[in-house]
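Here's the structure, in structure tokens; my notes come after.
Indexing begins at 1, ligand by ligand and atom by atom, following the structure's order. The figures here come from the full heavy-atom set of this structure, side chains too, leaving out hydrogens, waters and symmetry mates. Residue numbers count from 1 along this sequence.
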Amino acid sequence: MNSIKVFCPASVANVSCGFDVLGFCLDGIGDEMKITKTANKGLIISKITGAELPLDPNKNVATIAASAILKNFNLDYGFDFEIKKNIKPGSGIGSSAASAVGAVYGINKLIGEPFEKKELIKFALEGEKYASKAEHADNIAPALLGGFSLVRCNKTFDIIKLPYPEKLYTTILHPEIELKTSHARSILKKAIPLNDVVRQSGNLAALISALYTKNYDLISKSLKDYIIEPYRSKLIPEFDLLKKTALNSGALGSGISGSGPSIFALSKGKEIAENVGQEMKKIVSKLPIKHNVYVSKINQKGVKII
Ligand code: HSE
């Protein structure tokens with residue numbers, strides 16, 4: 001195989017109660033990446049469309065992640081990348097993770113698949129680390145593996161793929177303002193009151209249980225964030241009203257997607273998820289901000305060849 005084209009899916013990290021440890025993969029929303037073998041050694045990025053991102057392979061998340069996997073081999077050829085970004089950087093739906101995951105998945109295929117999918121997490125994380133200045137695999141893991149992923153440990157890449165009820169749909173409202181993950185992390189408190197940790201742990205544990213037992217009521221009760229949302233919500237115009245609107249329109253829960261500014265909601269069934277999107281749209285339409293609304297089922301497969 002000399003060339004490969006991959007779909008690199010968007011993802012929702014944190015899922016309210018699982019800061020840096022929980023995420024799920026979106027269906028139909030994602031980037032496209034073509035990787036072609038070249039006669040000359042090394043990596044080049046010949047084209048990026050859809051976003052202003054560095055063509056310098058030492059400064060681009062995709063090629064940084066690709067270099068991490070390629071360090072293990074001494075190949076006498078190189079690779080050329082063409083990237084079509086449909087996920088805006090700084091949107092909160094895993095733009096950098098999509099680039100990193102697409103790159104390591106594509107390269108692994110082109111060199112004869114020496115690594116299992118799960119083993120690619122540590123290489124993709126090198127790209128994510130460069131972008132967000134922190135090690136968190138809660139976008140990388142679901143973008144790579146699909147479905148819901150729980151990151152037991154961000155250092156040992158201990159990832160657990162979780163089941164989820166079939167009728168679970170998500171609505172994403174993406175207000176087109178750029179919020180850098182590094183900034184959204186810098187405003188967080190380093191010390192958390194014990195009481196909030198206890199409440200958050202209870203909700204995370206209950207959400208995991210609810211995903212296994214397909215208990216929509218328990219999913220709804222558990223989608224709460226006492227630790228991160230109070231700080232980051234201030235960076236998102238009309239966040240409180242949008243969240244309230246999502247809940248009043250039938251969503252099981254709603255919160256900040258990753259580090260924002262996108263807001264996600266989870267609903268039982270496509271119809272409710274679409275209604276949630278329409279109602280949220282009515283609110284943002286009154287703001288002088290461009291926005292996109294997506295409705296998606298959970299993507300079970302993750303990154304794939306197209
Ligand atoms: N867990 C990360 C954060 C996700 O919230 O900073 C970034 O998309």
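Residue contact check: T181 has heavy atoms under 4.0 Å from atoms 6 (O), 7 (C) of ligand 1. Residue-ligand proximity, A13 to ligand 1, at heavy-atom distances under 4.0 Å covers atoms 4 (C). Contact atoms of ligand 1 toward F19: 3 (C), 5 (O), 6 (O) (distance under 4.0 Å to a heavy atom of the residue). Residue-ligand proximity, D20 to ligand 1, at heavy-atom distances under 4.0 Å covers atoms 1 (N), 2 (C), 3 (C). Listed by atom number, the atoms of ligand 1 under 4.0 Å from N14 heavy atoms are 1 (N), 2 (C), 3 (C), 5 (O).
The pair D196-R199 counts as a salt bridge, with a side-chain nitrogen and a carboxylate oxygen less than 4.0 angstrom apart. A salt bridge is absent between K85 and E32; no separation between the charged side-chain nitrogens and carboxylate oxygens falls under 4.0 Å.
For S259, the heavy-atom gap to ligand 1 drops under 4.0 angstrom.
Evaluated by nearest non-hydrogen atom to atom 3 (C) of ligand 1, the leading choice among R185, K133, H136 is R185.
With hydrogens and angles left out, the side-chain atoms of N139 and S11 include a donor and acceptor closer than 3.5 Å. A donor and an acceptor atom, one from each side chain of N292 and H174, are located under 3.5 Å apart.
Ligand 1 has a nitrogen or oxygen under 3.5 angstrom from a nitrogen or oxygen of R232.
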Let's go through Y212 and Y164 carefully: what are the C-alpha distance in whole Å and the side-chain angles of both, what is the deciding distance for ring-ring contact (aromatic ring centres under 6.0 Å, His included) to 0.1 Å, and is it a yes or a no?
CA-CA 6 Å; Y212 273 96; Y164 55 87; over 10 Å; no
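Residue contacts with ligand 1, taken as heavy atom pairs separated by less than 4.0 Å, do not involve I228 at all.
In this structure, K281 and H291 have side chains that are in contact, with non-hydrogen atoms separated by less than 4.5 Å.
For K133, the NZ atom is densely surrounded, since the number of other residues' heavy atoms within 6.0 Å is greater than 12.
The nearest protein atom to atom 8 (O) of ligand 1, hydrogens excluded, is given as N139 OD1, 3.0 Å; this is a heavy-atom distance.
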